[in-house]
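All figures in this text were calculated on a predicted structure; none of them were measured in a lab. Chain letters run A, B, ... following the sequence lines, proteins first, then strands; residues in each count from 1.
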Amino acid sequence: MSDVMEKTLTALPSLLSLDSQPGSAKLSANSKLGNLIRGITELTSKHEEEKLIQRELSSIKEQVSSPNTTMRQMKELMVRTIYCEMLGYEASFSYIHAIKLAQQGNVLEKRVGYLAVSLFLNESHELLLLLVNTVLKDLQSTNLIEVCMALTVVSQMFPKDMIPAILPLVEEKLSHSKEIIRRKAVLALYKFYLIAPNQVQHIHNKFRKALCDKDPGVMSASLHIYLQLIQENPEGYKDLTMSFVTILKQVVMGKLPMDFNYHCVPAPWLQIHLLRILSLLGKNDQSMSEIMYEILDESLQRAEMNHNITYAILYECVKCIYTIHPKPDLLEKAAKCIGSFVLSPRINLKYLGLKALTYVVQQDPKLVLQHQMTIIECLDHPDLIIKRETLELLFRITNAQNVTVIVEKMLDFLQVSEDNHTTIDLVGKVAELAEKYAPDNEWFIETMNTVFSVGGDVMQPDIPNSFLKLLLEGFDSVEEDKKLRLFAVNSYVSLLQGEPSRLPQRFLQVICWVLGEYAHLNEDVEPDAVLRLLAKLLDMKSSTSETKSWVLIAMTKLCSGGAAFSVAHEVSETYGSSMDTMLRQRAQELQHLSQDSALQSRVFPRSGSQEPVEVDSSLSFLDGFVSEALAAGAAPYKPPHQRQEEMSRSKVLSLEPYGLSLPISMSSCSVTDRQSPTLLSMSSSLSGDSAELSHKASSTTLKLDGVTRVWGREGYLVQREPVQEAAQVEAPSPLRSPRQQGDEDSPHSQTPTPTPTPESEQEKQQLASSLFVGLASPSSVSLMGKSEQTSQRFRRKARIQDKPPTSGEQINNLPPGGAADLLLDSNVSSELVSSLEQTHRNSLDLTANGACDAELPDGDVKEIKTPLSTDDSVLAAGLSPHEGPDRPKDLCLTSYLPAELSGLSHSEITLLCTNQSLDLSACHVQKEDCVELVVFIKNSSDSAAHQLQMQISCEEIEVSCVCDSPVEELKSHSVTVCQYFLTVKRPSVCFDLVGMVYYQLAAGSLQTAQFLYKLPLTSFIRPLAVSTEEYGTMWLAFSHDTKQNLPLMKDEREPLTATLNLLKTKLQLHVVEIIGEEGIVACCLRPDQQCLLHCRMHAGMLAAWLRSPVPDLPDSLLYHCQRALQER
Amino acid sequence: MMQFMLLFSRQGKLRLQKWYVPLSDKEKKKITRELVQTVLARKPKMCSFLEWRDLKIVYKRYASLYFCCAIEDQDNELITLEIIHRYVELLDKYFGSVCELDIIFNFEKAYFILDEFLLGGEAQETSKKNVLKAIEQADLLQEDAKEAETPRSVLEEIGLT
């Protein structure tokens, strides 16, 4: 009975609410939800809340699973569950009921059901599959509200694999009579495009229809798709530029209905979208930019009212103007606009002003000078965000003359900032600036000390690595190197004498290494004193075992001599029985070497000579041992991947829990668990799966580049410190010694003021002059350029430059297209080159050193691409890429094609980039087993180019050089050819090969030219001749698959055969067999990268099913099949 | 694209959350906790924009409620601020001078309005009239449905049928 009563009570509020307004809070407050909310507010402790919610949830759980609960009650329960989840309590039991509610409820319940689903689940949740049918049903409903709800949920989340199921229905909605439906359908397709671009590529022409829709809402929804498409491929949509400009014109002129006005501004969202699209289309494209100038000018003029929304448009306008091909009077207006942002009393605008300045500073350093006083003020702003942005700006204008002041400001900020992300970022920047522009040794070491103490264990691991490398490699002047090392030693000794327990572990490791290597340079400090300091570190509780192992190595290096012996003995006694095997190993080494000083000096020679260590990575010295073991009946060694393969072959359905992963887990634990400086365990399994191991090793925290292999041909190798191997790869530093440099650079005239008080105007002025030195007059601008070239004393040497182009290694990880069309030529303007080259090297340095992409400010890459704002057109012409891509002079390049390739078919030779000295063209030749890329370098200048080096890289492709001898010199007006073998590492629809050429003209400095070569997957596809039986077994073995319907050549007599033959000729697929309505086709990229295609005629379409052992291959191939069939 | 939107009170209680990128519950909780803390610690006169991890945070306070959006690097901060404002305008129009209590007790309505305004992290419909029209249509249907259904279901529930 009470049950019935309760039900009645539940129903009451909704009865009462019949005559109430929708959205009135008061009545809903009487509901169960209201009670719950009130109950929570009355509670005093978190614990009580938890108890209450748990009680609530268990009662909900009981009710939802009861068969008597009506959908109506379910709706109410669902609302309460959403509330509990929002409070942070998990209620996964209700997810399935949310889906049920969306499925079975009436419109009003369905709405809550869909809402609950969209809040509870995300697109990877497996339960979402159960929603597909409901969506399908609702999309076909005659009730508009239901269709809307279905489209709304689809635009938020939908399982990727199920898109084909509803795609036709959504497409159909594009021509619905109601604009709201059309709009939602467009957004749903946008979502599909984001999660599975291949699935919607066939409806690109329908997007165009949406763009032309008579309803502005539908049109602006389609811009989301276009923004995305254009971001990925600006070249493909240049023809639409005029349309976008026209739309923007109409919007700006106020031609849209008043509904779309926002605070009297016509459709600001639309305007901003269009401006973003235009900036993408106009980037590096003069002719496109010219179409936009008028409307941009108009937008700037119209948007002069005093409301946030107009500022939003202005900001986007300014960004667009600085991104596209420059036009002087527009730039002037934009600069004025930035000025009004920076000077605005509103803090939000000031912030954006600073951002805009940061964005344009490399093009327009003078603008920064205009606002220097404001920048100084921002530097002392109470809001850390403003301060942080100001530092970002200063980072971009740092040069050898203002580095001390700027770094000091950054370090000040680091002391107050608590945010880890900021710390990591800023510490990286300080380290970078210190390496590049350090004025002297003392400053450098002290700055790096602060970096290590502040950055601690969160900073990027390559900061300490490259610091140690720098100390080790040194510069040309032996004397100067010694001074730097000596200073470091002294600084560290005094740090250890202080309170070493406060120093982060990473810093301690650096200290250990430096002391171990160079403590002997300081003759005033006794080795045993250093040893005792080090021993103190071992006793500290905070020291990790990794640090301890660094300490022990350092001690081993230092332990020669009588007094030191006792300390060493004591320590090795203690750790000789340590539970940590690595420490025990180190302690043993210490013990033995401290007793045998002859051996010690042979193992750790002090001369610092850096002869290359010969490493026998095949471990051939073990051959004797192995053959003995084999003779004794041992099983031959199989590499882990082979073992895995065999196991998976022998047990198709392996149910043994750990069977397969054993080899992997063993090797991974041997590496990752011991982050020892020498990675002893790694070397012992080198001959095995070294690729995997080195990959794993890269994840260890303090990785030193050239980790020494401990075992060599003669057995145990003379063990040196890790970095030496890397040193051997590098050529001697081309940089001048600090001493020489010091003579040339004028010493600092201004003493930086450490903490300027805001009151004192004079101090501010002084700070300004020290911050903005080198930016002021045109002469000093070029001086800045010069100083950047000469004074980068501590700059990390970009490995990429030191390696001969023969190396197949891919260091150059430039983002595809990121610096694609960049062309550099120092003849144009020294300032330009130095600043561009500068940015450019930065990015190279960073990427070359591995995992520090985060440090690379996003703006950098963008700014390389943006044409300079300087107003001479000569410069612009020199910079514009792709000028006349099909000039007749390229044709004669065919004669330079290497003889062995002349018989094979090659792609059209395209001009990739040209500057005043070099023309670069390329084509690719399809050989039977691979693709060969041929790059033609033509020297069009009157002087010979020296030290020509070429680097080609691509993330997805393995590039290896064909010829061994790199071309060193290229005479005037001659052509040379470089050939590269390309093999696919990771399939993709299209590959972007980024290439760099370094060269020196007779008198000039190092110059670079860069190009981008696009290669479709089809160039790599080869027919794979297999029998139907082989096909069958392969089909079952492959795990990656995809399915889609493709168009069929229906007008042919035998549509299936005709279609497959078309694919065969266009894509070089091998048709294995055609049986009735089904056909099987096979191809491969490399013999081990097969892809199988199973086709079936179905309802006028070709249902294609692709399988491959390689991820991404089916998707990419499908794309090309679809294109081939569409283009026929 | 907007990554997520959070509404929370001055006391740090979450009032609404909408995620446009798939994240695990644990991550969501962590982000929410960190952001609420960071935003609440900021003083009134400070900048409405934050750089947080690799995202940009735009927030604004209306009475006791904070509206906080995370956007990507290339997105425009100022227009996001206006998105927040437009959403508040919509809520205000719908509830009739909206207050925090309206959003607490009728959060599902607030979600419906948000879904009609932003879809998948992008502004879907910027015309105020159109958004409210869409919501009202759905609400109207609800009313119809209620009228048609209520008598029957109440009888059913009381157990008289």
A.B. asks: Could you tell me which non-hydrogen atom of A/I385 sits nearest to which non-hydrogen atom of B/F49, and how far apart they are?
C.D. replies: CG2-O, 3.5 Å
A.B. asks: Please report the interatomic distance CD(B/E77) to CG(A/L352), rounded to the nearest 0.5 Å.
C.D. replies: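 The distance works out to 5.0 Å.
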A.B. asks: If only atom types and distance count, is the side chain of B/K29 paired as donor or acceptor with the main-chain N or O of A/G88 below 3.5 Å?
C.D. replies: yes
A.B. asks: Report the distance from atom CD1 of A/I309 to atom NE2 of B/H85, rounding to the nearest 0.5 Å.
C.D. replies: 10.0 Å
A.B. asks: With respect to chain A, which residue among B/E34, B/K43, B/E116 yields the maximal number of heavy-atom pairs within a distance under 4.5 Å?
C.D. replies: B/E116
A.B. asks: Against chain A, label B/I57 side chain, backbone, both or neither, depending on which of its atoms sit under 4.5 Å from a heavy atom there.
C.D. replies: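 When you check distances to chain A, no heavy atom of B/I57 falls under 4.5 Å.
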A.B. asks: Thinking salt bridges, do B/D75 and A/R276 make one under a 4.0 Å N-O criterion?
C.D. replies: yes
A.B. asks: What residue, out of A/L187, A/V186, A/D259, has the most heavy-atom pairs lying under 4.5 Å from chain B?
C.D. replies: A/D259
A.B. asks: Between B/K129, B/K133, B/R15, B/Q124, which residue shows the highest count of heavy-atom pairs closer than 4.5 Å to chain A?
C.D. replies: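 Looking at each option in turn, the highest pair count goes to B/Q124.
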A.B. asks: Answer whether the closest heavy-atom distance between the side chains of B/M1 and A/H224 falls below 4.5 Å.
C.D. replies: no
A.B. asks: Non-hydrogen atoms of chain A under 4.5 Å away: do they reach the side chain of B/K56, the backbone, both or neither?
C.D. replies: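 It is the side chain, since no backbone atom gets that close.
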A.B. asks: Sort A/P216 into side chain, backbone, both or neither according to what part of it lies under 4.5 angstrom from a heavy atom of chain B.
C.D. replies: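 Neither part.
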A.B. asks: Identify the heavy atoms of B/A123 and A/W269 that sit nearest to each other, and give their distance.
C.D. replies: CB-CD1, 4.0 Å
A.B. asks: Specify which of B/T80, B/I83, B/N130 makes the most heavy-atom pairs with chain A at under 4.5 Å.
C.D. replies: B/I83
A.B. asks: At a heavy-atom distance under 4.5 Å, which candidate from A/Q156, A/M86, A/E85 has the highest pair count against chain B?
C.D. replies: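 With the most close heavy-atom pairs to chain B, the winner is A/M86.
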A.B. asks: Is a donor from one side chain sitting under 3.5 angstrom from an acceptor on the other, for B/E89 and A/H263?
C.D. replies: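 Distance-only check passes for B/E89 and A/H263.
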A.B. asks: Picking from A/C148, A/P268, A/A312, A/P257, which has the most non-hydrogen pairs under 4.5 angstrom with chain B?
C.D. replies: A/A312
A.B. asks: What closest approach, in Å, do A/Y190 and B/E122 show between heavy atoms, and which atom pair accounts for it?
C.D. replies: OH-OE2, 2.9 Å
A.B. asks: Among B/I79, B/L78, B/N76, which residue satisfies the side chain to side chain contact (heavy atoms under 4.5 Å, CB included) criterion with A/Y311?
C.D. replies: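 It is B/L78; the other options fail the test.
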A.B. asks: Which region of A/E146, side chain (C-beta onward) or backbone (N, CA, C, O), has a non-hydrogen atom less than 4.5 Å from a non-hydrogen atom of chain B, or is it both or neither?
C.D. replies: neither
A.B. asks: Would you mind checking which part of B/F107 comes under 4.5 Å of any heavy atom in chain A, side chain (CB onward), backbone (N, CA, C, O), both or neither?
C.D. replies: side chain
A.B. asks: Are B/W19 and A/N122 packed together at the side-chain level, in the sense that at least one heavy-atom pair is separated by less than 4.5 angstrom?
C.D. replies: no
A.B. asks: How long is the span from the CG atom in A/N348 to the SG atom in B/C47, to the nearest 0.5 Å?
C.D. replies: 5.0 Å
A.B. asks: Which atoms of A/L227 come close to chain B, meaning under 4.5 Å heavy atom to heavy atom: side chain ones, backbone ones, both, or neither?
C.D. replies: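 Answer is neither: A/L227 stays 4.5 Å or more from chain B.
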A.B. asks: Check each atom of A/L349 against the heavy atoms of chain B and say whether the ones under 4.5 Å are side chain, backbone, both or neither.
C.D. replies: side chain
A.B. asks: Can A/K75 and B/E108 be counted as an ion pair, charged N to O under 4.0 angstrom?
C.D. replies: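 Not counted as a salt bridge, because no side-chain N and carboxylate O are separated by less than 4.0 Å.
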A.B. asks: Under 4.5 Å, counting heavy-atom pairs only, tell me which of A/K184, A/H381, A/M258 racks up the most with chain B.
C.D. replies: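 The candidate making the most pairs under 4.5 Å is A/K184.
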A.B. asks: Between B/L14 and chain A, which part of the residue has a heavy atom less than 4.5 Å away: side chain, backbone, both or neither?
C.D. replies: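 Looking at B/L14, backbone and side chain both touch chain A.
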A.B. asks: Taking side chain as everything from C-beta outward and backbone as N, CA, C, O, which of these in A/H273 sits under 4.5 Å from a heavy atom of chain B? Side chain, backbone, both or neither.
C.D. replies: side chain
A.B. asks: Between B/D115 and A/T152, do the side chains contain an N or O donor and an N or O acceptor separated by less than 3.5 Å?
C.D. replies: no
A.B. asks: OG/A/S92 to CG/B/D25 distance, rounded to the nearest 0.5 angstrom?
C.D. replies: 9.0 Å
A.B. asks: Select one option (side chain, backbone, both, neither) describing which atoms of A/Y83 are under 4.5 Å from chain B's heavy atoms.
C.D. replies: both
A.B. asks: Heavy-atom cut-off 4.5 Å, strictly under: side chain, backbone, both or neither for A/K319 against chain B?
C.D. replies: side chain
A.B. asks: With only heavy atoms counted, which part of A/L115 is less than 4.5 Å from chain B, the side chain, the backbone, both or neither?
C.D. replies: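 Contact with chain B is through the side chain of A/L115 alone.
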A.B. asks: With only heavy atoms counted, which part of A/N261 is less than 4.5 Å from chain B, the side chain, the backbone, both or neither?
C.D. replies: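 The backbone, not the side chain.
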A.B. asks: Just wondering, do A/I37 and B/I104 contact through their side chains at under 4.5 Å, heavy atoms?
C.D. replies: yes
A.B. asks: Just give me the residue among B/K28, B/R53, B/K18, B/Q17 that pairs up with chain A most often, heavy atom to heavy atom, under 4.5 Å.
C.D. replies: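 Of B/K28, B/R53, B/K18, B/Q17, B/R53 has the most heavy-atom pairs under 4.5 Å with chain A.
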A.B. asks: Tell me if a side-chain donor or acceptor on A/H421 pairs with a main-chain N or O of B/E51 at a distance below 3.5 Å.
C.D. replies: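 A pair under 3.5 Å: no.
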A.B. asks: When rounded to the nearest 0.5 angstrom, what is the spacing between NZ in B/K128 and OH in A/Y262?
C.D. replies: 8.5 Å
A.B. asks: Is any side-chain heavy atom of B/L50 closer than 4.5 Å to one of A/Y351?
C.D. replies: no
A.B. asks: If the threshold is 4.0 Å, N to carboxylate O, is there a salt bridge linking A/D383 and B/R42?
C.D. replies: yes
A.B. asks: In Å and rounded to the nearest 0.5 Å, what is the CG to CZ distance from B/L119 to A/R183?
C.D. replies: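 It comes to 9.0 Å.
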